[in-house]
Number of protein chains: 2
Amino acid sequence: MVTPMTDVSPRTATAAGPDASDAAAPTAPARRVRRPRASTLARREEILRSAMRVFGSKGYHQGSLADVAEQVGITHAGVLHHFGSKDRLLTEVLKFRDEADVEHLEGQHIPGGLDLFRHLVRTAEINSARPGIVQAYTVLTGESVTDGHPASAWVTERFSVLRAEIAEALHEVIADRKQSGDLDADLEISDEAVDRAASSIIGVMDGLQIQWLLDPEAVDLAGATAFSIEAILASTFAGERRPRPLA
Amino acid sequence: MVTPMTDVSPRTATAAGPDASDAAAPTAPARRVRRPRASTLARREEILRSAMRVFGSKGYHQGSLADVAEQVGITHAGVLHHFGSKDRLLTEVLKFRDEADVEHLEGQHIPGGLDLFRHLVRTAEINSARPGIVQAYTVLTGESVTDGHPASAWVTERFSVLRAEIAEALHEVIADRKQSGDLDADLEISDEAVDRAASSIIGVMDGLQIQWLLDPEAVDLAGATAFSIEAILASTFAGERRPRPLA
DNA sequence: TTTCTCTTACTAACGAGTAAGTAATGGTGC
DNA sequence: GCACCATTACTTACTCGTTAGTAAGAGAAA
């Protein structure tokens, strides 16, 4: 049995683990540091990629371990050997995605200020050529609002971080513009207004993705994203003086 | 057995139905018009409401017929007696929702022009007091982008209609404003721009709902919705002269 | 008496997780 | 450089729970 699920960090206190044995092994001399081999890591990455595809196209609940395993050419028990449980596999997929994102941005500074918003628009442009990824993200996000979903904490955290990053970038831009005189230095732009804008930008991106996935002909993902972000930025910069067509 | 699943319209050619029998009934004299009793209709409505709750909180795939049945105090076979299959139940739920929506707006004219946008904002305000409904809508919408989901056609159609309604209202407002002089009569606002705005408004509403469901403290659903819609409207009305902070 | 609603009881399929065994691999002692 | 052995990476074969759907009959209603 054994079922490693190597948490990189050796000897984690995974109480739930099926092997409570060997805890009191009589002679534990050289504390073997069991580092995973390269081929194992490669295999796991294969499985993670497969899981991303499966959960992306069918959702977490509907996608089975057998589906994931099939794409790698093993059985579902083989997948469990590496990841222990389906929930665990999901969290590993999410962690993997995060790490891949970070790696992708490696070297090139994480954009701040106006560049962050350009980066978001650029992301939408890139995304409109890869519906698979977008679907994975959208399905998982939608599913995560169901009661007790294993990904809801991750998604919530992700949104929280994103909102904070966007809000910070907005504050930066506002400060810059006030200094350069592009913006009236006396203009009051409240934190609440900035937070509203941040939520709205994320929201419009996600919402457009849903529509675009269902009907790519009918929705210009990149165009609408760019337009909305600019609209939201413009209104935010206008502060209390922004036009209020509904008032 | 029999399993009626009365499609209101009697004698629909539901080929898929489990009873292909009685098709060539030898003596069919008085063509009994089998209208469902009131108590039956009431029961079905109970089931539909229960299904809305279940599919809303757990999703379609994860919500079981037993869950639906339990809330009505019958067994899952009882539900199948009325609706034949789970897929059928879902489509009936969606149809029911549509009818309920229409009924709700009955009498009061369907808002057009700027009133439509006020109505959308008002809806967001109302929604922020009923997370259950919002969750149902969000879960179903998210799930519908998975491959072969039974609700994807319905959701796609719904988005399509919504976009068209919003685009029409926008065109109205633009025409009005040009006539009243609020808008330069020479200003060009392309159909594409209007469509982009329509998609964006729907998108921001849906996207904000997801964030709000996951973290109601962190997101001001009504406020952000109102802000975004005004921002999008303002940018649309500005046409080619709109500010382009990212350019 | 016929129709309708609903139950009980079942089937067949599927899915996650467990147990145990097997073949390969690679490090260790020599 | 080789034999040995522990570990790893699986597989097969299950268990157990869950689920949609079916069949047939019971009781009530019209």
Side-chain angles (χ1 to χ4, degrees), chain A residues 1-6 10 16-22 25 27-44 46-47 51 54-55 58-70 72-90 150, chain B residues 1-6 10 16-22 25 29-44 46-47 51 54-55 58-70 72-90 150:
Chain A
M1 45 123 157
V2 183
T3 50
M5 318 176 266
T6 349
D19 52 336
S21 64
D22 94 330
T27 52
R31 274 282 180 243
R32 198 167 287 286
V33 195
R34 60 160 100 180
R35 58 185 158 76
R37 334 176 180 165
S39 69
T40 303
L41 290 180
R43 183 58 121 192
R44 289 197 188 162
E46 261 188 278
I47 296 173
V54 170
F55 295 160
K58 301 198 178 189
Y60 173 71
H61 285 302
Q62 199 57 13
S64 71
L65 290 178
D67 291 333
V68 174
E70 196 190 16
V72 190
I74 61 176
T75 64
H76 90 277
V79 173
L80 286 174
H81 164 72
H82 285 290
F83 293 98
S85 78
K86 196 187 179 190
D87 271 32
R88 198 106 154 192
L89 174 60
L90 175 61
Chain B
M1 45 120 158
V2 182
T3 53
M5 319 175 267
T6 348
D19 51 337
S21 64
D22 94 330
R31 272 283 179 240
R32 196 169 287 284
V33 195
R34 61 161 98 178
R35 58 183 159 76
R37 319 173 194 171
S39 68
T40 303
L41 290 181
R43 183 58 122 193
R44 289 197 187 162
E46 262 187 279
I47 296 173
V54 170
F55 294 161
K58 300 196 175 191
Y60 171 72
H61 285 302
Q62 198 59 10
S64 71
L65 290 178
D67 290 334
V68 174
E70 196 190 16
V72 190
I74 61 176
T75 63
H76 91 278
V79 172
L80 286 173
H81 164 72
H82 285 289
F83 293 98
S85 79
K86 196 186 178 189
D87 271 32
R88 198 103 152 196
L89 174 60
L90 175 61

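- Put simply, CG on A/L80 is 15 Å from C1' on C/dA20, counting in whole angstrom units.
- For the pair B/E70 CD and D/dA20 P, the computed distance is 13 Å after rounding to whole Å.
- Put simply, NE2 on A/H81 is 6 Å from C1' on D/dC10, counting in whole angstrom units.
- The distance from atom NZ of A/K86 to atom C1' of D/dG17 is 14 Å, rounded to the nearest whole Å.
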Practice item. Assign a letter to each nucleotide of nucleotides 8-13 of chain C from its 5' end: B, base within under 4.0 Å of a protein heavy atom; S, sugar-phosphate only; -, no contact. Key: B-----
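- Atom NE2 of B/H61 is separated from atom CD of A/Q62 by 4.0 Å, given to the nearest 0.5 angstrom.
- The side chain of A/R43 places an N or O atom within less than 4.0 Å of a non-bridging phosphate oxygen (OP1 or OP2) of D/dC10.
- Going from atom CD1 of A/I47 over to atom CG of A/L89 covers 8.0 Å, rounded to the nearest 0.5 Å.
- Taking CG of A/D67 as the start and NE2 of A/H76 as the end, the distance is 11.5 Å to the nearest 0.5 Å.
- Put simply, CZ on B/F83 and NE2 on B/H81 are 10.0 Å apart, with the number rounded to the nearest 0.5 Å.
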Practice item. Apply side chain to side chain contact (heavy atoms under 4.5 Å, CB included) to A/K86 and A/V79, showing your working. Key: CA-CA 9 Å; A/K86 196 187 179 190; A/V79 173; over 6 Å; no
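- Set against C/dT5, D/dC10, D/dG21, the side chain of B/S85 has D/dG21 as its closest nucleotide.
- Contacts between residues 61-69 of chain A and DNA chain C, defined by a heavy-atom separation under 4.0 Å, are made by A/G63, A/S64, A/L65.
- Here the C1' atom of nucleotide C/dC4 and the CG atom of B/L41 are 13 Å apart, to the nearest Å.
- Atom OH of B/Y60 and atom P of D/dT19 are 13 Å apart (whole Å).
- The nearest pair of heavy atoms linking A/P150 to A/D87 is CB-OD2, 3.6 Å.
- Distance, B/I74 CD1 to C/dC4 P: 17 Å, rounded to whole Å.
- Counting heavy-atom neighbours within 6.0 Å of B/E46 CD, excluding the residue itself, gives a total above 12.
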